[in-house]
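Here is the structure we will look at.
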Amino acid sequence: MGFAAFSPVTYAAEANAAKKAILVVSFGTTFPDTRKATIDSVTEKIRTTFPDYEVRQAFTSRIIIKRVQENEGIKYDTEKQALAKLQADGYKEVIVQPLHMEAGDEYDKVRKVVESYQGTKAFDKIALGRPILYYVGQEEKPDDYMIAIKALQKQFPKIDRNEAVVFMGHGGVHPSNAAYAALQMKIKDAGLNNAFVFTVEGYPSFENLLETLKANKIKKVTLMPLMVVAGDHANNDMAGDESDSFKSQLLAAGYKVDTYLHGLGENAAIQDIYVQHVKDAISGELTQRSADAPSIPVIE
């Protein structure tokens, strides 16, 4: 009778309550080499840093999931499938860390799924980490932009006064596209006068970049992807040999061009940023408003 309180069922329930997981979510890529060097490298850094957590991966791009499975025989879960499996496997604490640059459409996709679990009994705790560019230093929050700029400087080549490092971001119509213009302003604040940002599908545009290069009397450009992976956009839109690639257009405009075909996920300092964002999500400290912030009024 003395052992009744320690039955196998009770013990299993207590064990399940301690199960913790980190879900690393990215857009994904069909380029195996850069996937291994970037997404997998960041995931491994997180896994090594948090040995008490099960670490899994998910992709948000359904097209990429389909193509990778067809071409490589590897099946990646969507963010929804991965969370459903974690629930089924009995995990009680889940940290979801996106590998996005800014809080755009893909981040919103993940956020909505996480919010659908919050307030339910599926997990005791589920928290969402933030992308690389999020806070700008107000209300005792970190300046994610300046932190990212310091990390980006780790991969800068040595350049002369008439040379520039140019980062190509994705961009789009989502309001988060403003992050790229903010990053350019922060780069200027950091005193980096020969580093510029443009986007494939947003603002600042390539046309804006050309005007900036001309105004600054730049003669040579080193193109770098402002993306976690060096996938299709980096290899084709940025560095491709077709006449409409950004490299080809810069060459046609009279610039000397070098290309840096490495995703940000290869940068150890960028990996460390994602690790810190996981730590912040676990602690939950940055989700709270600062103590001296005025209360938000309730409008009846």
Side-chain angles (χ1 to χ4, degrees), residues 15-132 170 174 227-233 263-266 270-271 274-275 277-279 281-282:
N16 284 342
K19 293 179 71 173
K20 302 183 292 185
I22 298 169
L23 179 62
V24 180
V25 182
S26 62
F27 184 78
T29 179
T30 58
F31 287 67
D33 290 342
T34 191
R35 185 168 65 242
K36 181 178 180 180
T38 59
I39 296 171
D40 291 350
S41 291
V42 175
T43 303
E44 188 57 35
K45 175 71 76 73
I46 292 173
R47 181 175 287 114
T48 301
T49 307
F50 304 95
D52 294 337
Y53 287 77
E54 166 78 3
V55 178
R56 299 183 183 181
Q57 291 179 333
F59 288 175
T60 58
S61 172
R62 276 55 173 168
I63 293 176
I64 287 177
I65 290 173
K66 182 174 182 290
R67 290 179 179 172
V68 170
Q69 186 170 14
E70 291 174 347
N71 298 333
E72 302 177 48
I74 301 173
K75 175 65 171 70
Y76 284 89
D77 287 331
T78 67
E79 70 288 345
K80 292 180 179 179
Q81 292 169 336
L83 285 172
K85 286 183 179 179
L86 286 170
Q87 180 184 359
D89 290 344
Y91 286 87
K92 296 301 181 182
E93 177 181 333
V94 177
I95 306 299
V96 181
Q97 180 56 53
L99 301 188
H100 301 131
M101 283 304 301
E102 27 81 21
D105 286 323
E106 295 301 315
Y107 183 82
D108 278 350
K109 184 188 298 184
V110 178
R111 177 181 55 79
K112 290 175 182 177
V113 176
V114 170
E115 288 178 349
S116 72
Y117 278 95
Q118 290 173 337
T120 71
K121 296 182 179 180
F123 304 109
D124 293 340
K125 174 183 178 181
I126 181 168
L128 177 65
R130 65 191 191 279
I132 291 289
H170 191 281
H174 192 283
M227 303 173 179
V228 174
V229 303
D232 182 63
H233 285 300
L264 297 184
E266 296 186 46
I270 293 291
Q271 295 174 7
Y274 284 122
V275 167
H277 289 190
V278 172
K279 292 179 180 178
I282 292 172

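Bear in mind the structure is a predicted one, so any value in this text is a computation, not a measurement.
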Exercise for review: Only pairs at least two apart or in different chains count here, so list each salt bridge (charged side-chain N to carboxylate O under 4.0 Å, His left out) that has a residue in residues 113-123.
Suggested key: R111-E115

Exercise for review: Applying side chain to side chain donor-acceptor pair (under 3.5 Å), name anything that partners Q57, two or more places apart in sequence or on another chain.
Suggested key: D40, T43

Review point. Can you name the side chain to side chain contact (heavy atoms under 4.5 Å, CB included) partners of T78, sequence neighbours left out?
Key: R62, I65, K80, Q81

Review point. Is a side-chain donor or acceptor of R47 paired with a backbone partner of V55 at a separation under 3.5 angstrom?
Key: yes

Check your understanding: Are side-chain heavy atoms of V96 and L83 found at a separation under 4.5 Å?
Key -> yes

Revision key, fill the gap. Heavy-atom closest pair (A230 atom, G263 atom, distance to 0.1 Å) is CB-N, 3.5 Å

**Study point:** For the student: nearest non-hydrogen atoms of A82 and D77, plus distance
**Key:** N-CB, 3.9 Å

Study note, to complete from the structure: CG of L128 to CD1 of I126, rounded to nearest 0.5 Å, is 8.5 Å

Revision key, fill the gap. For D105, the side chain to side chain contact (heavy atoms under 4.5 Å, CB included) test, sequence neighbours excluded, returns H174

Review point. So which heavy atom on P51 is nearest to which on T49, and how close?
Key: CD-O, 3.2 Å

Check your understanding: Roughly how far apart are I46 CD1 and Q97 CD, rounded to 0.5 Å?
Key -> 6.0 Å

Review point. R67: what forms a salt bridge (charged side-chain N to carboxylate O under 4.0 Å, His left out) with it, not counting sequence neighbours?
Key: none

Check your understanding: Among all residues two or more places apart in sequence or in another chain, which pass the side chain to side chain donor-acceptor pair (under 3.5 Å) test with H277?
Key -> R130

Check your understanding: Can R56 and L86 be said to form a side-chain contact (heavy atoms from CB on, under 4.5 Å), step by step?
Key -> CA-CA 9 Å; R56 299 183 183 181; L86 286 170; 3.5 Å; yes

Review point. Residues two or more places apart in sequence or in another chain: which of them pass side chain to side chain donor-acceptor pair (under 3.5 Å) with D232?
Key: N236

Review point. Taking everything shown except K112 itself, do over 12 heavy atoms lie less than 6.0 Å from its NZ?
Key: no

Check your understanding: With sequence neighbours excluded, what pairs up with K109 under the side chain to side chain donor-acceptor pair (under 3.5 Å) test?
Key -> E106

Check your understanding: Can you name the residues that form a side chain to side chain contact (heavy atoms under 4.5 Å, CB included) with E72, not counting sequence neighbours?
Key -> P32, R35, V68, I74

Check your understanding: Is atom NZ of K66 surrounded by more than 12 heavy atoms (other residues, nucleotides or ligands) closer than 6.0 Å?
Key -> no

Study note, to complete from the structure: In short, I95 meets A281 closest at the heavy-atom pair CG2-CB, 3.7 Å

Review point. Taking atom CD of E93 and atom CD1 of I282, what is their separation to the nearest 0.5 Å?
Key: 6.5 Å

Exercise for review: Kindly indicate whether the side chain of E102, heavy atoms from C-beta on, has any atom under 4.5 Å from the side chain of I132.
Suggested key: no

Revision key, fill the gap. All heavy atoms of G231 vs all of T29, minimum pair found to be CA-OG1, 4.1 Å

Revision key, fill the gap. Residue pairs meeting ring pair (Phe, Tyr, Trp, His ring centres under 6.0 Å), one or both in residues 105-127, sequence neighbours left out, come to Y117-F123

Practice item. Indicate the atoms forming the closest heavy-atom contact of I64 with F27, along with that distance. Key: CD1-CE2, 3.4 Å

Review point. Tell me, do K45 and Y274 make a side-chain contact under 4.5 Å, heavy atoms counted?
Key: no

Study note, to complete from the structure: With sequence neighbours left out, the residues meeting salt bridge (charged side-chain N to carboxylate O under 4.0 Å, His left out) with K279 are none

Review point. Among pairs that include at least one residue of residues 41-89, which meet ring pair (Phe, Tyr, Trp, His ring centres under 6.0 Å), considering only residues two or more places apart or in two chains?
Key: F59-Y76

Check your understanding: Under the side-chain contact (heavy atoms from CB on, under 4.5 Å) criterion, do I39 and V229 qualify, and how do the steps go?
Key -> CA-CA 7 Å; I39 296 171; V229 303; 3.7 Å; yes

Revision key, fill the gap. In this structure, CD of Q271 is separated from OG1 of T38 (nearest 0.5 Å) by 9.0 Å

Check your understanding: Under 3.5 Å, is there a donor-acceptor pair between the side chain of K19 and the main chain of D89?
Key -> yes

Practice item. Report yes if the side chains of H170 and M227 come closer than 4.5 Å at any heavy-atom pair, otherwise no. Key: yes

**Study point:** Side chain proximity check, L99 to V25, heavy atoms < 4.5 angstrom
**Key:** no

Review point. Yes or no on side-chain contact (heavy atoms from CB on, under 4.5 Å) for D52 and K20, after CA distance, side-chain angles and deciding distance?
Key: CA-CA 7 Å; D52 294 337; K20 302 183 292 185; 4.2 Å; yes

